[in-house]
Trainee: 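Shown below is the structure under consideration.
Side chains included, hydrogens not; waters and symmetry mates left out as well; all remaining heavy atoms used.
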Amino acid sequence: MRQAIALALENIRDGGGPFAAVIVKNGALIAAGTNRVTATNDPTAHAEIVAIRAACKRLQSFQLDHCELYTTCEPCPMCLGAIYWARPARVYYASTAADAAAAGFDDALIYRELAVTQRERRIPMGELLRDEASAVFRAWLAKPDKLSY
């Protein structure tokens, strides 16, 4: 965790956001990531996402089996989703979501949006061409050599 905190402080000095994450497997550092949102103009470039991408690339796997993720802050909803998809063994965080909100990084809107119907969301969402799109899942289900995840 201290390494993640040091990376976050360095990222702030370099003009980035106040977040960093490291991924460890069997006591060895596999990957690290810092918040790269403004540096790359990528709203998904949160520290956890950056670290997960680097770790999966290094491990040549889409799962982080037997890995631990250390992040400087309680994961946001997007990062939490990515963590569950990557399936590390454990996650540790330093600061809380409340600490992040006090610093101007408040995820409360996203949690509220998840709790309401699509019609009630701030960004309009709706179904379109569902019948046509069902061909995609039929093709997936029929594929004999698919790699499930």
Trainee: Indicate yes or no: at least one non-hydrogen side-chain atom of Arg53 is less than 4.5 angstrom from one of Thr44.
Mentor: yes
Trainee: Counting neighbours of OH on Tyr84 that are heavy atoms of other residues, nucleotides or ligands and sit closer than 6.0 Å, is the number greater than 12?
Mentor: no
Trainee: Is the shortest heavy-atom distance from the side chain of Pro18 to the side chain of Phe105 under 4.5 Å?
Mentor: yes
Trainee: Can you measure from CE (Met78) to NE2 (His46) and round to the nearest 0.5 angstrom?
Mentor: 3.5 Å
Trainee: Between Ser61 (side chain) and Cys56 (backbone), is there a donor-acceptor pair under 3.5 Å?
Mentor: no
Trainee: Drop me the distance from Asp65's CG to Lys25's NZ, to the nearest 0.5 angstrom.
Mentor: 6.5 Å
Trainee: Treating Glu74 as the side-chain partner and Ala97 as the backbone partner, does any N or O pair qualify as donor plus acceptor under 3.5 Å?
Mentor: yes
Trainee: Look up atom CZ in Arg87 and atom CD in Gln63, then write down how far apart they are to the nearest 0.5 Å.
Mentor: 4.5 Å
Trainee: Taking side chain as C-beta onward, heavy atoms only, is Ile83 less than 4.5 Å from Ile52?
Mentor: yes
Trainee: Step by step, work out the side-chain contact (heavy atoms from CB on, under 4.5 Å) result for Asn26 and Cys67.
Mentor: CA-CA 7 Å; Asn26 300 324; Cys67 291; over 6 Å; no
Trainee: Might you point out which heavy atoms bring Ala31 and Ala55 nearest each other, and give the distance in Å?
Mentor: CB-N, 3.4 Å
Trainee: Starting from the C-alpha separation in whole Å, work towards a yes-or-no answer on side-chain contact (heavy atoms from CB on, under 4.5 Å) for Leu64 and Leu59.
Mentor: CA-CA 8 Å; Leu64 297 176; Leu59 295 172; 3.9 Å; yes
Trainee: In Å and rounded to the nearest 0.5 Å, what is the CD1 to OG distance from Ile5 to Ser95?
Mentor: 7.5 Å
Trainee: Does either side chain, that of Asp131 or that of Ser134, offer a donor lying less than 3.5 Å from an acceptor on the other one?
Mentor: no
Trainee: Please check if atom NZ in Lys146 has more than 12 non-hydrogen atoms from other residues, nucleotides or ligands closer than 6.0 Å.
Mentor: yes
Trainee: Is it possible for you to say whether Ile23 and Val91 belong to one hydrophobic cluster, with membership spreading through side-chain heavy-atom contacts below 4.5 Å?
Mentor: yes
Trainee: What are the two closest heavy atoms between Ala8 and Thr72, and how far apart are they?
Mentor: CB-CG2, 4.0 Å
Trainee: What are the two closest non-hydrogen atoms of Ile123 and Glu113, and how far apart are they?
Mentor: N-OE1, 4.2 Å
Trainee: Look at the side chain of Glu132 and the backbone N and O of Leu129, then say whether any donor-acceptor pair between them is shorter than 3.5 Å.
Mentor: no
Trainee: Evaluate the side-chain proximity of Asp42 to Arg36: yes if any heavy-atom separation is below 4.5 Å, no if none is.
Mentor: no
Trainee: Closest approach of Leu7 and Ala20, non-hydrogen atoms and distance?
Mentor: CB-CB, 3.6 Å
Trainee: Can you give me the closest heavy-atom contact between Ala21 and Ala51, atom names plus distance?
Mentor: O-CB, 3.9 Å
Trainee: Establish, yes or no, whether a centroid distance under 6.0 Å links the rings of Tyr70 and Tyr93.
Mentor: no
Trainee: Below 4.5 Å, heavy atoms only, C-beta onward: do Cys76 and Ile110 meet side chain to side chain?
Mentor: no
Trainee: Is there a side-chain contact between Met1 and Tyr92 in this structure, where contact means two heavy atoms from C-beta onward sitting under 4.5 Å apart?
Mentor: yes
Trainee: Regarding Glu48 and Thr71, do their side chains bring together a donor and an acceptor under 3.5 Å, going by distance alone?
Mentor: yes
Trainee: Taking all non-hydrogen atoms of both residues, which atom of Arg122 and which atom of Leu109 are closest, and how far apart?
Mentor: NE-CD1, 3.5 Å
Trainee: Within the 4.5 Å heavy-atom criterion, are Glu68 and Val22 side-chain neighbours or not?
Mentor: no
Trainee: Verify the cluster assignment for Val37 and Leu9: are they in a single hydrophobic cluster under the rule of side-chain heavy atoms below 4.5 Å apart?
Mentor: no
Trainee: State the CG-CD1 distance between Leu69 and Ile30, to the nearest 0.5 angstrom.
Mentor: 12.0 Å
Trainee: Given 3.5 Å as the limit, does a donor-acceptor pair link the side chain of Asp14 with the main chain of Asn11, or not?
Mentor: no
